[in-house]
Amino acid sequence: MVEPPGEHDIRKCLNIFVSLIKFLNDAQKHSKDEEKRELSYRQMMLFDQGCVEATFDLVGMINEREFAAADINRSEYRSLRRTYCYAYRFLYFCVKGNTKLKEYSMRHLSMIMSHITLDIGADDLVQELITANSTFRERVSVSQLKLFVSLLTDSSRKATHVSYLQVLCGGEEESWDHQNLGLIRTLIMKESPYLLFRTAMKEGRLFIWAESGRQSFGVKRTIRESSQRVRNNVIFCMLPTECRTGETLDSLYEYHVEMLHLVSVLSINAPAEELATLKEIFPVDFALQILMDSNVPDMLRSGYAMILLRMYVQSPGSYRSAIDREYPFCRWGKISEEFLSSTALAQPFETEDLFSFFKSFLQSNYVQFQSNYDQNCLILSVVRLMKVLYEQHSFAASISEAEKVFKLLVNLLDGRTDISEASELNPALRYVENHSNRPIFETKIQVCEMIKLIYSEIAGARFSNFLLLFKEFTQGEKSETETFL
């Protein structure tokens with residue numbers, strides 16, 4: 001093995017990266033518009049001077065010197081490891097928001113991903129490379145795609161690794177990459193006992209466990225009361241031997257939340273056999289129970305709401321044929337048979353309990369707090385589920401019920417009731433989109449679309465009634481005329 005550079009050279013290199021990072025951060029001292037221009041100018045200047053290329057050459061030495069994770073963590077390599085951390089931090093700031101430098105960095109993607117498990121900042125750089133990069137999914141190769149999945153199977157299960165796969169799938173319905181989605185689904189399903197956690201409710205608490213350990217696939221285990229970890233009525237039932245290095249019960253909780261959203265996407269256009277397996281792991285009755293239970297953490301409820309939406313409501317697996325309803329404005333669309341026949345829904349009108357839940361949920365959550373990200377994600381997921389259900393299956397059985405939902409949606413749309421700590425100092429900040437308030441913005445958009453849909457339904461129903469009355473009136477007038485003649 002090649003000996004690492006001397007302490008003096010390492011310290012000198014470290015100081016250079018500290019200065020370069022400060023040089024890029026100083027661009028934030030300008031106004032918002034000037035900041036982007038100044039940052040872009042400084043990024044391109046460092047790129048033209050060869051600093052970015054030289055930094056990639058430096059971090060590439062990790063492979064050339066055959067540094068393993070164990071070597072990096074040894075005491076004699078701590079200074080060198082710190083230098084690599086600052087090197088990746090510098091690369092992160094260099095590519096941040098810069099499309100040209102993201103394109104340049106993509107050629108080093110495989111090398112960067114091989115460093116993710118070393119915990120030296122490579123994961124932050126990958127996250128920045130794949131964020132808002134429209135060409136990323138097109139340029140990623142099959143081998144690189146498998147490498148992304150291997151981050152979960154060969155190293156620790158982390159939420160950030162799952163988020164990479166969500167980006168590769170497309171993230172949003174209008175931009176889903178079905179080729180990547182199918183391959184990721186196949187790779188995930190092969191490791192489902194290890195990657196997809198099982199869940200169960202018992203005495204008001206949610207139990208989460210892995211179907212089997214990494215070395216014992218297919219071996220079912222009973223819940224072990226001795227290895228419980230309570231977090232907001234959530235109990236993890238996992239032995240220490242089932243956790244890899246770096247995995248904590250908190251990190252596994254975040255991983256499970258992120259995986260729920262990924263699974264909801266993977267169920268789209270899934271083959272019948274794989275879809276059946278996913279439905280066996282995430283049954284509709286249990287998903288409805290979690291969604292309606294206010295004692296369950298908001299992010300888990302949000303994840304199961306998306307499972308209901310994409311796996312059962314929008315799933316092309318088994319559809320219920322259109323049903324004629326007596327109500328003039330009700331439209332029944334293609335809804336999963338499992339969803340409509342679920343025992344969690346009331347009879348004879350299948351969606352009565354769910355409709356009551358929607359009303360009570362909107363009544364208690366029309367005020368949105370910008371600081372409560374989890375709750376805002378739940379509200380967004382519920383509104384999305386409501387919107388698609390109303391599009392495909394008008395769950396309101398009368399115009400009066402639709403009008404009640406209409407008024408509740410208007411209350412949610414009214415941003416004057418929203419609370420933002422930042423807007424108290426600067427009122428204009430509440431209208432600036434950022435990570436914390438993005439779910440609020442998206443919720444307002446979904447609400448506007450649903451209000452438009454309900455308004456069209458109500459207007460159509462009233463117009464139909466008007467035509468009916470007009471027809472009865474004209475026919476009656478015609479009969480009177482004939483009698484008179």
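- A donor-acceptor pair is defined here as one N or O able to donate and one able to accept, closer than 3.5 Å; such a pair exists between the side chain of S155 and the backbone of L151.
- Using a distance-only test at 3.5 Å, with no hydrogens or angles considered, a donor-acceptor pair links the side chain of R185 to the main chain of I268.
- Other residues, nucleotides and ligands contribute at most 12 non-hydrogen atoms within 6.0 Å of the NZ atom of K96.
- Annotation: side chain of S105 is not in contact with side chain of L91 (no heavy-atom distance under 4.5 Å).
- Using a 4.0 Å cut-off between a side-chain N of Lys or Arg and a carboxylate O of Asp or Glu, E442 and R384 qualify as a salt bridge.
- Residues K102 and E128 are paired through a salt bridge, judged by an N-O separation under 4.0 Å between the basic side chain and the carboxylate.
- At a cut-off of 3.5 Å, with distance as the only test, no side-chain donor of Q127 or T160 sits close to an acceptor on the other residue.
- Ring geometry, Y88 versus H115: the interplanar angle exceeds 60°, so the pair is classed perpendicular (tilted spans 30 to 60°).
- The existence of a salt bridge linking D124 and R89 is confirmed by a sub-4.0 Å separation between a basic side-chain nitrogen and an acidic carboxylate oxygen.
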Item to check | Q144/S110 under side chain to side chain donor-acceptor pair (under 3.5 Å): CA gap, chis, key distance, verdict | outcome: CA-CA 7 Å; Q144 289 174 334; S110 297; 3.2 Å; yes
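- Using a 4.5 Å heavy-atom threshold, the side chains of R301 and D293 count as separate.
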Checklist entry - Checking side-chain contact (heavy atoms from CB on, under 4.5 Å) for the pair E53/Y104: CA distance, chi angles, key distance, verdict? => result CA-CA 9 Å; E53 182 179 1; Y104 172 80; 3.5 Å; yes
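- For the residue pair T199/Y304, the side-chain donor-acceptor check at 3.5 Å is satisfied.
- Closest approach of V405 to M386, counting heavy atoms only: CG1-CE, 4.0 Å.
- L168 contributes atom CG, which lies 6.0 Å from atom CG of N180 (distance to the nearest 0.5 angstrom).
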Checklist entry - Yes or no on side-chain contact (heavy atoms from CB on, under 4.5 Å) for I451 and V410, after CA distance, side-chain angles and deciding distance? => result CA-CA 8 Å; I451 286 177; V410 171; 3.9 Å; yes
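- Taking CG of N376 as the start and OG of S302 as the end, the distance is 10.5 Å to the nearest 0.5 Å.
- Side chain of K444 to backbone of L412: a donor-acceptor contact under 3.5 angstrom is found.
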Item to check | Verdict with reasoning, Y366 to L413, per side-chain contact (heavy atoms from CB on, under 4.5 Å) | outcome: CA-CA 8 Å; Y366 69 91; L413 182 63; over 6 Å; no
Next on the checklist: Could you walk me through whether L152 and E191 satisfy the side-chain contact (heavy atoms from CB on, under 4.5 Å) test, starting with their C-alpha distance in whole Å, then the side-chain angles of each, then the deciding distance to 0.1 Å, before giving a yes or no?
Outcome noted: CA-CA 10 Å; L152 296 174; E191 306 285 354; over 6 Å; no
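- Side-chain contact check for Y255 versus L195: some heavy-atom pair is nearer than 4.5 Å.
- For the atom pair OG (S264) and CG (L308), the distance works out to 10.5 Å, reported to the nearest 0.5 Å.
- In this structure, the separation between CG on L380 and CE on M306 is 7.5 Å, given to the nearest 0.5 Å.
- H261 places none of its side-chain heavy atoms less than 4.5 Å from the side chain of V265.
- Around atom CZ of F56, more than 12 heavy atoms belonging to other residues, nucleotides or ligands sit under 6.0 Å away.
- Relative to the ring axis of F197, R157 does not place its NZ or CZ within 45° and under 6.0 Å from the centre.
- For Y312 (side chain) and V284 (main-chain N/O), a donor-acceptor pair under 3.5 Å exists by modelled atom type.
- Inter-residue side-chain proximity for D298 and C377 is flagged as unmet; no heavy-atom pair is nearer than 4.5 Å.
- Note that CZ of F93 is 14.0 Å distant from CZ of F17, once rounded to the nearest 0.5 Å.
- Shortest non-hydrogen contact noted between I290 and L300 is CG2-O, 4.3 Å.
- Nearest heavy atom pair, residue P297 against residue Y253, reads CB-OH, 3.1 Å.
- Judged purely by atom type and a 3.5 angstrom limit, Q368 has no side-chain atom pairing as donor or acceptor with the backbone of T443.
- Using modelled atom types, no side-chain atom of S150 and backbone atom of T153 make a donor-acceptor pair closer than 3.5 Å.
- Between N98 atom CG and E103 atom CD the span is 10.5 Å, to the nearest 0.5 Å.
- At least one donor-acceptor pair under 3.5 Å links the side chain of N372 to the backbone N or O of Q375.
- Between L408 and F361 there is no side-chain heavy-atom pair separated by less than 4.5 Å.
- Here the closest non-hydrogen pair linking Y164 and D123 is OH-O, 3.0 Å.
- At a threshold of 4.5 Å between non-hydrogen side-chain atoms, the residues P439 and I379 do not count as touching.
- Taking all atoms of both residues into account, the shortest heavy-atom contact from I307 to L260 is CD1-O, 3.7 Å.
- Within the 4.5 Å cutoff, the side chain of L385 has heavy atoms near those of the L389 side chain.
- Nearest approach of H161 to S156, heavy atoms of both residues: ND1-O, 3.5 Å.
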